[in-house]
Amino acid sequence: MADFDFDLFVIGGGSGGVRAARMSASYGAKVGLAEEYRYGGTCVIRGCVPKKLMVYASSFSEAFEDAAGFGWSVGTATHDWSKLIANKDSEIGRLEGIYMSILDNNDVTHFRSRTVVVDPHTVKLADGQTFRTKHILVATGGTPFVPEFPGSEHAITSNDIFHLTDMPKRAVIVGGGYIASEFAGILCGLGSEVTQVYRRDLILRGFDDEVRQHVSDEMAAKGITFRYKADIAKIEKTDDGLKITYEDGSNQVADQVLYATGRIPNTTGLGLEDAGVALGKKGEVIVDAWSQTNVPSIYAVGDVTDRLALTPVAIREGAAFAETVFNATPTKADHALVPTAVFTQPEIGTTGLTEEQARAEGEIEVYSAAFRPMLATLSGRQEKMLMKMIVAKDSQKVLGVHIIGHGAGEMIQLAGIPVKMGATKADFDQTVAVHPTAAEELVTMKTPVR
Ligand code: FAD
């Protein structure tokens, strides 16, 4: 330790960095951490948490409509965007404080500063201070970007949408991933006229095809206009708003154009190449199963490694790093059968293989049921839930579960446990149904549809 100021210096105070710092310190390491923006990182400050609060906000418009069928008369409902943003900001401030106390309570020395890597054992803060450290953990996350085209400076990203002073009445959202699709639902629910533009033919590439089609249809039924196989050629600022010209020459005017076409790892100018760390094509830090780079003293976890960009995964990777390096328990981060939710409206919960992936691996049975949930009977809403299970024909092991509808995210967390344990269809079926619920479908689907 004599030569070093720290045993570990973590760059980035987000989900992965804070978990790794806290656990390493609890195992006796002397830990420093630098965060250039706000503690808590993307998830807390401009990702999962503010997004989910906005999903909740946007879902009330449907709840008011649904209430009528149950006998309620709800007066004209109005929404105050600035109140939502202010309340959201105060909750985010509270959570940021909790993240700071986690660091303080675990004796992690933290610096509010951009920090770069100088060599395999040295980091440098923005004010020029340098520290010698035995290990460096890069946990700098990712960042949204807007591709360059004429007028691209008028587009905003998911970072900006959380701070708009006014709700865009006419919103164009570019991208087909989960972030684009979630914001389409949020703005639509809050009353915006939403167009979602995607250059391919169906949103949510990588998810189960039946799920993608079902969600796209339900989102369209709620009023979102999809422009598939389309892309923006230019954006011009006019008195009436932002004039969008599509590649096919057609036009549209919007108040905001949100680009959510992808995120890139935060490695630009970080000094990693100078320290000899190998980066991939997108700038991601290349790591092994223990999150170690080709430079033995430098590790990386979370979105910056471009493995599975989810908060709980970054946290697990941070924890596995601390176990490996500071608790003498070599631990690989487990990326198999990770359940996830997409907070589109309707919501998706998914774990395991899609039908397409499973079919490519062997013979399968597909159980699938689309049905009107009980809430929709009196509300009169036409929306359907979807429950789908992919089962290996020989072993009868459940390979994948996909759910669309209210509570899908909550349900998949629980369904993810038996799937991870290797449960068979018979194991699911032996469990008595909880009635009346939508989830009971998971234990009552008797006959494969294909
Ligand atoms: P981050 O949380 O991004 O933390 C990195 C930190 O490093 C940042 O605070 C950054 O300021 C700091 N930093 C960067 N460079 C430097 C530097 N040179 N010096 C000092 N500090 C630096 N995941 C889910 O699981 N569920 C969701 O519902 C979900 N929704 C999302 C919605 C949106 C809109 C977005 C953008 C992301 C969402 N995610 C979601 C993904 C999730 O936020 C990330 O996977 C997670 O935050 C990754 O954690 P991380 O520690 O790798 O990086």
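Indexing begins at 1, ligand by ligand and atom by atom, following the structure's order.
- The ligand atoms of ligand 1 that sit less than 4.0 angstrom from a heavy atom of P312 are 25 (O).
- A side chain to side chain contact (heavy atoms under 4.5 Å, CB included) with V211 is found for one member of I348, T354, I403 and no other, namely I348.
- The protein heavy-atom contact nearest to atom 4 (O) of ligand 1 is G14 CA, 3.3 Å.
- Other residues, nucleotides and ligands contribute at most 12 non-hydrogen atoms within 6.0 Å of the OH atom of Y56.
- With 3.5 Å as the limit, one finds a donor-acceptor pair spanning the side chains of R307 and S291.
- Of the listed residues (Y39, Y178, F111, Y99), the one carrying the non-hydrogen atom nearest atom 37 (C) of ligand 1 is Y178.
- At a heavy-atom distance under 4.0 Å, only side-chain atoms of A314, from C-beta outward, approach ligand 1.
- A salt bridge does not link E361 with K397: none of the charged nitrogens is closer than 4.0 Å to a carboxylate oxygen.
- In this view, R22 satisfies the salt bridge (Lys or Arg N to Asp or Glu O under 4.0 Å) rule with no residue, not counting sequence neighbours.
- Of the protein's non-hydrogen atoms, the one nearest atom 42 (C) of ligand 1 is T311 OG1, 3.3 Å.
- Taking only non-hydrogen atoms, the option from T42, V304, D303 nearest to atom 44 (C) of ligand 1 is D303.
- Of the listed residues (E36, R19, K51, E182), the one carrying the non-hydrogen atom nearest atom 22 (C) of ligand 1 is E36.
- Near G16, with a cut-off below 4.0 Å to any heavy atom, the atoms of ligand 1 are 51 (O).
- Between N266 and ligand 1, a contact under 3.5 Å exists for no N or O pair.
- Ligand-side atoms of ligand 1 in range of S113: 19 (N), 20 (C), range being under 4.0 angstrom from any heavy atom.
- At the top of the distance list for atom 36 (C) of ligand 1, counting protein heavy atoms only, stands R263 NH1, 3.2 Å.
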Exercise. Evaluate the criterion salt bridge (charged side-chain N to carboxylate O under 4.0 Å, His left out) for residue pair D334 and R316; output intermediate values, then yes/no.
Key: CA-CA 8 Å; D334 181 0; R316 289 289 175 104; over 6 Å; no

Exercise. For Y259 and F149, run ring pair (Phe, Tyr, Trp, His ring centres under 6.0 Å): C-alpha distance rounded to whole Å, both residues' side-chain angles, the deciding distance at 0.1 Å, then the answer.
Key: CA-CA 12 Å; Y259 259 77; F149 61 88; 5.5 Å; yes

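- Remark: F145 CZ is packed, more than 12 non-hydrogen atoms of other residues, nucleotides or ligands lying under 6.0 Å away.
- Contacts of I11 with ligand 1, taken as heavy-atom pairs under 4.0 Å, involve the side chain alone.
- Regarding atom 10 (C) of ligand 1, its nearest protein heavy-atom neighbour is E35 OE2, 3.4 Å.
- We find that D7 and K134 are not joined by a salt bridge, their nearest charged nitrogen and carboxylate oxygen being 4.0 Å or further apart.
- For ligand 1, the atoms sitting less than 4.0 Å from at least one non-hydrogen atom of G141 are 3 (O), 5 (C), 52 (O), 53 (O), numbered in the order shown with element in parentheses.
- In this pair, H135 and Y299 present their aromatic rings perpendicular. The plane angle is above 60°, beyond the 30 to 60° band.
- Which parts of ligand 1 touch L270 is read off a 4.0 Å heavy-atom cut-off, strictly below it: atoms 18 (N).
- Counting only heavy atoms of the protein, atom 29 (C) of ligand 1 lies nearest to C48 SG, 3.3 Å.
- A salt bridge is defined here as a Lys NZ or Arg NE, NH1 or NH2 lying under 4.0 Å from an Asp or Glu carboxylate O, and R199 with E247 fails to meet this definition.
- Not close to ligand 1: K52, with no non-hydrogen atom less than 4.0 angstrom away.
- Shown in contact with G302 at under 4.0 Å from a heavy atom are these atoms of ligand 1, numbered in order with element: 52 (O).
- The nearest protein atom to atom 19 (N) of ligand 1, hydrogens excluded, is given as T115 N, 3.0 Å; this is a heavy-atom distance.
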